[in-house]
Amino acid sequence: MASSVLDHSHAPPAAKTGLWSWLTTVDHKRIGILYGASAFFFFLLGGLEALVIRLQLSRPENTLVSPDFYNQLFTMHGTSMIFLAVMPMSAMFFNYFIPLQIGARDVAFPRLNAFSYWVFLLGGLFINASFLFNAAPNAGWFGYANLTSPQYSPGPNTDFWFLGLQILGVASIAAAVNFFVTIVNMRAPGMTLLRMPMFVWMSFITQILLLLAFPVITVALVYLMFDRHFGTNFFIPGGGGDPVLWQHLFWIFGHPEVYILILPAFGVVSEVLPVFARKPLFGYTAMVFSGAFIAFLGFGVWSHHMFSTGMGPYSDAFFSLTTMLIAIPTGVKIFNWIGTIWGGSIQMRTPMYFALGFIAMFIIGGLSGVMHASPPADLQQTDTYFIVAHFHYVLFGGSIFALTAGAYYWWPKMFGRMLNESLGKVHFWLMFIGFNLTFAPMHILGLNGMPRRTYTYPEGLGFEMWNMVETVGSFVIALSMLVFLYNMIKSRNSAPAPADPWHGATLEWAIPSPPPEFNFAEIPTVASSMPVWDARRAAGGQLPEPAFHDGSGIHMPNPSIKPLIVAVGMFIMMISIMFTHADWPWWAMSLAGLAVMLYGIFSWAFEPAG
Amino acid sequence: MSTVAHAAHPETTTGIDSRKVAIWAFIGSECLFFATLISTYLVYKGKSITGPLPADIFEIPLVTFGTAVLLFSSFFVVLALNGAQQGNRKKLIGWLTLTVICGLFFVGMQVYEFQHFYHKGLGLSTNLFGSSFYLLTGFHGTHVTLGLIWLSTVLVEAIRGRVPPQKAMNLEIAALYWHFVDVVWIVIFPVVYLMR
Amino acid sequence: MSSQSAHAEGHAHPTAGTYVKIAVVLFALTALEVLAYEMAHGPTMPLHTVMEATLIPVLIVLSAAKFALVAMFYMHLKGDGKMLTSLFVFPIIIATVIIVMLMVLMSYWEVVH
C-alpha cells in the first residue's frame, strides 16, 4: 500500500449536485455509475423473477403462480438478465474505465454517451412496466415465431417485448459507435493498439460485435412488428412466411450477442488476474487474436441453436464444425489465464476469488457447450434443463462472476472506499455454493428429460429432489446478494481508498480515487501495456499519491439536457406502435415524438459542445 | 493534382476526425441492416402464394432513370465538398442544391412507383414479394429522406455563410452518409429489379 | 500510431476532372447493366441465350465495379488510408457471408440434402 503523501480530503473540483446535474451529465464516470445502479436494480428484479420460478418448480404439480404468469416470469427473467443486467453492467465498466485506461478525459462523444444511457433506462422501464398491466412478455426471451404472431399472441405482451428490445438496440448501437471511436482515436501518446489494456481490447471487439449484430435483430423485430400490426406474413406460414426465418435472423444476432455478454467479462478477468498474481498477463498477443477470432467466427455458428429444425445433415455438420472450432480460441484464453497465475505471487483478495471462480465455472459451462455442438447429442439436450445448465454456467458462472470481480476490483476507484474483505469473502462463498447448488443439478435433470420453460412437472419422474435442491440454492444466491448490498452500503463509512490499493498496472490507478472530473491532470505518455507497473519500478517500488489539481486550464464538455430530450422524443415515437388498435390516431403520437426528437437533434447539433 | 485547403489536423490517435470515424463505423453497421433486408427479399423470392409478381409490375425505364439521378447526386455532392474545402461558396451552394434536387427527384420517383404498384394490386400485405419489396426499398427511401434532411441543413448553413473550409467536415460526413445510401441502391437496383 | 500520417488526407486528392470521368463510367456501367438485362429477357436480342445464362454473374461484376468506384473515389477511401477501408470492408464481408449462408439454408437454390 503506498503511503499517502497528501491529505485525501481535498475538495473535489466544483462538485455539481442535484437532480439536474445528473439529468444533464455528460461525464463518462457519472454515466457509468448511472448504468451500474440501473443494471443492479434490474438484476435484482430479474433475480426476484428467478426466485418465484424456483418456488414454483420446488414441488411437482405446484400452483404457486398461473401458467401464463409463469411464462411472463421466465421470459422477463431471461430478457432482463441479458439486456438489462449483464449488458449494462458491462456498459458501466466501458463507461467508467475505457477513457481512464487509455488516458483520455472522456469519450469521443459525451452527449451521445448520455443519450445511450437515457434510451436504455427508458427501454428497461418500459418493458418492465408491462407487469403493471399483467402483460409482460411471455413468449420466451427469443420470441420464436409464429407463437408471436397475432393469432397466438393477441395481447400486448409481445408488443412490449419487441418494442422494448428495439429501444434498447438503439442505445447499444449509439454506445458502440461512441466506444469504438473513443478506443480508435483517443488513446494517450505511446499507446499503440497492442499496448492497450486487455479490458479495452475485449471491449473494443465487443463494440464491433454490437455494431454488426444489432442491425440484424433490428430488422427481424421490424418484420415482427409488421406481422403483428400491418398484416404482413414474414413469419406466418398461412401467408407463405417461414417461422424458421425468424430463428435464423434472431440467432444471427443471438450468437454474437452471447459473445457480447462474455468478452467484457474475459477482459475484466484479464485485468484482475495479473494484478493479484503480481505477474503480467500470459500471452498478451494470443489473447488479442483469440478474442478477435472468437468474434469473427461467432458469426458463423448461429444455427447450432437450430439443430432440431430439420436443416439437413450438411448444414448441421457445417455448424457443428464451426461451433467446435470456436472452442479452440476460448481454450487458448483459459490456458493463458492459468499461465498468468502459474508461478505468481497470489494475493487472495475478493476480486481474485471471483476471478478464479470465473475460470472454474466458465470451463464447466464451456464443456457442456461443446457437448451441445454435436447435433445428435444436442437433439437430446436441446430444450431441456441441460441447456439451461450450460448457459447459466457461462453467463452467471462466467459473466456475473467476472463482473462481480470487476466490481470489487474497481469499487475503490469509483467510490473512493474499499469494500469490506471479510464480507466480500462471505459474498463469494455463498454465491459460489448457491450457484452450484442451483445449476449443477440441472445437468442431471436435463439429461433425465426435464424440459425447459416448463411450468411444472408430474410426480414420479424423479425430478423432485433436484428441483428442491435448486430452489434452496437459489435462495442461497439471494442471501449472497444481500451480503453484497450490505457491503456496498457499509463501505460508505470505511476509510478513504488510496489511488492504487491493489498495485494495479494500468492508468486508472495513477489518478485519485475517485478521479476528478478531468481524470488526468496531464495526459500521460505510455511505453508498455503496464504503465503504472513501469512507473512503480522506475520509482523504486513506491509511488506517491497523485497530487491534487484543481482543474484550471482544463476544459471539459458542457452538460446538456438535449440527449434526454432526444431520448424521450424517440421513446414516444416508438411506443406509439402500442396504440395501433386504439380508437384515436396513433400516428399523431408518433409524429409528436418525432417532432420532439427532431427539435432535440437540431438543438443538440447547433449547441456548442464545449 | 489540385491543392485543397484542409482544416487543421485533429488531435486524434489516427489523425482522422472522430466524426468521420464515427460515420464510417455507423455505415459498417448499416451494411448489416441492409444485408438482412436484402437476404429476406432473396430468400422469399419465388415463394409468394399469390401475385402480382415482379415481372407483372416492374417498370425498368423509370427505375433506371431514378438510379442514374441518384448516381449523379453522388457526383454533385463531391463537387460541393470540393467547393467547401476550397472556400468557394458559390460552388458549394450550387452543387449542393443540385444534389438535394436529385435526391428529391429520387424520392419522388419511389413514391410514384409505390403508388403505381399499389394501384396494380401490390399492397404491403398482399404477398411476400410486396412485404419484402416495400420494406427493403422503403427503408432505403427513408434513409434517402434522412440524408436529404441532413444535406438540406448543411445547405441552409452554407447559404448563411456558415460553412467555411474549417467546417467542411460537416459536409464531408453528410456526404459520406449520402454516398452510402447511393451504394446501397447500387446493390438493390440489380438484385431486385434486374435479377428477376 | 499518432501523426506519422503527417497529412491523413489531401496528398493524392483527385481533381474535378477525375470525378467527372468516374460519373461517366458509373452512368455507362448502369447502362450496361440494363442492356444485359434487356438482352437476357428479350428473345430477339443479340446474345440472348448467352446473357440469359450469365445475367447474374454479369450484374454482380458490374454492380461491384460501381460499388468500388463510389467507395474508393467519391467516399475517398483510396486516399484515406487502410483503417477506414477495413472499417468498411469487414462488415461487407460479414454481410456477404450472411446473405449467402441464408440463401443456402433457406433453400434458395432448392438444394437437396
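In what follows, every chain begins at residue 1, and chains take the letters A, B, ... in the order their sequences are listed.
Ring geometry for B:Phe180 versus C:Phe88: interplanar angle over 60°, hence perpendicular rather than tilted (30 to 60°).
Taking CG of B:Leu176 as the reference point, atom CE of C:Met75 lies at 5.5 Å (rounded to 0.5 Å). With rounding to the nearest 0.5 Å, the separation of OG1 in B:Thr36 from CD1 in C:Ile99 is 8.0 Å. Taking CG from C:Leu84 and CD1 from B:Ile16, the interatomic distance works out to 4.0 Å, rounded to the nearest 0.5 Å. One distance of note links CZ of B:Phe75 with OH of C:Tyr19; it measures 10.0 Å at 0.5 Å rounding. Here SG of B:Cys31 is found 11.0 Å from CD1 of C:Ile93. Values are rounded to the nearest 0.5 Å. Atoms CD1 and NZ, from B:Ile186 and C:Lys66 in turn, are 5.5 Å apart once rounded to the nearest 0.5 Å.
Two residues are said to be in side-chain contact when any heavy atoms from C-beta on lie closer than 4.5 Å; B:Leu32 and C:Pro91 meet this criterion. Under the 4.5 Å side-chain criterion, counting only non-hydrogen atoms from C-beta, B:Met195 is in contact with C:Ile60. Considering only heavy atoms from C-beta on, C:Val34 comes within 4.5 Å of B:Phe189 through its side chain.
For C:Leu77, the part lying near chain B is the side chain, with the backbone staying farther off; criterion is any non-hydrogen pair under 4.5 Å. At a 4.5 Å heavy-atom cutoff, the contact between C:Leu102 and chain B is made by backbone and side-chain atoms alike. Neither the backbone nor the side chain of C:Val100 comes within contact range of chain B, judged by heavy atoms closer than 4.5 Å. Within the 4.5 angstrom heavy-atom criterion, only side-chain atoms of C:Met83, from C-beta onward, approach chain B. Neither the backbone nor the side chain of B:Val191 comes within contact range of chain C, judged by heavy atoms closer than 4.5 Å. In this structure, chain C has a heavy atom under 4.5 Å from the side chain of B:Ile60, while its backbone stays farther away. Heavy atoms closer than 4.5 Å to chain C are found in both the backbone and the side chain of B:Val183.
Other residues, nucleotides and ligands contribute only 12 or fewer heavy atoms inside 6.0 Å of the OH atom of B:Tyr118. The number of heavy-atom neighbours closer than 6.0 Å to CZ of C:Phe27, taken from other residues, nucleotides and ligands shown, is 12 or below.
Counting heavy-atom pairs closer than 4.5 Å to chain C, the top residue among B:Gly28, B:Gly46, B:Ala175 is B:Gly28. Counting heavy-atom pairs closer than 4.5 Å to chain B, the top-ranked of the candidates C:Phe73, C:Tyr74, C:Phe90, C:Phe67 is C:Tyr74. Counting heavy-atom pairs closer than 4.5 Å to chain B, the top residue among C:Ile92, C:Ile22, C:Val20 is C:Val20.
Between C:Met106 and B:Lys47, the shortest heavy-atom contact is O-NZ, 2.8 Å.
Among the candidates B:Asp182, B:Thr67, B:Leu71, the single residue satisfying the side-chain contact (heavy atoms from CB on, under 4.5 Å) test with C:Leu26 is B:Leu71.
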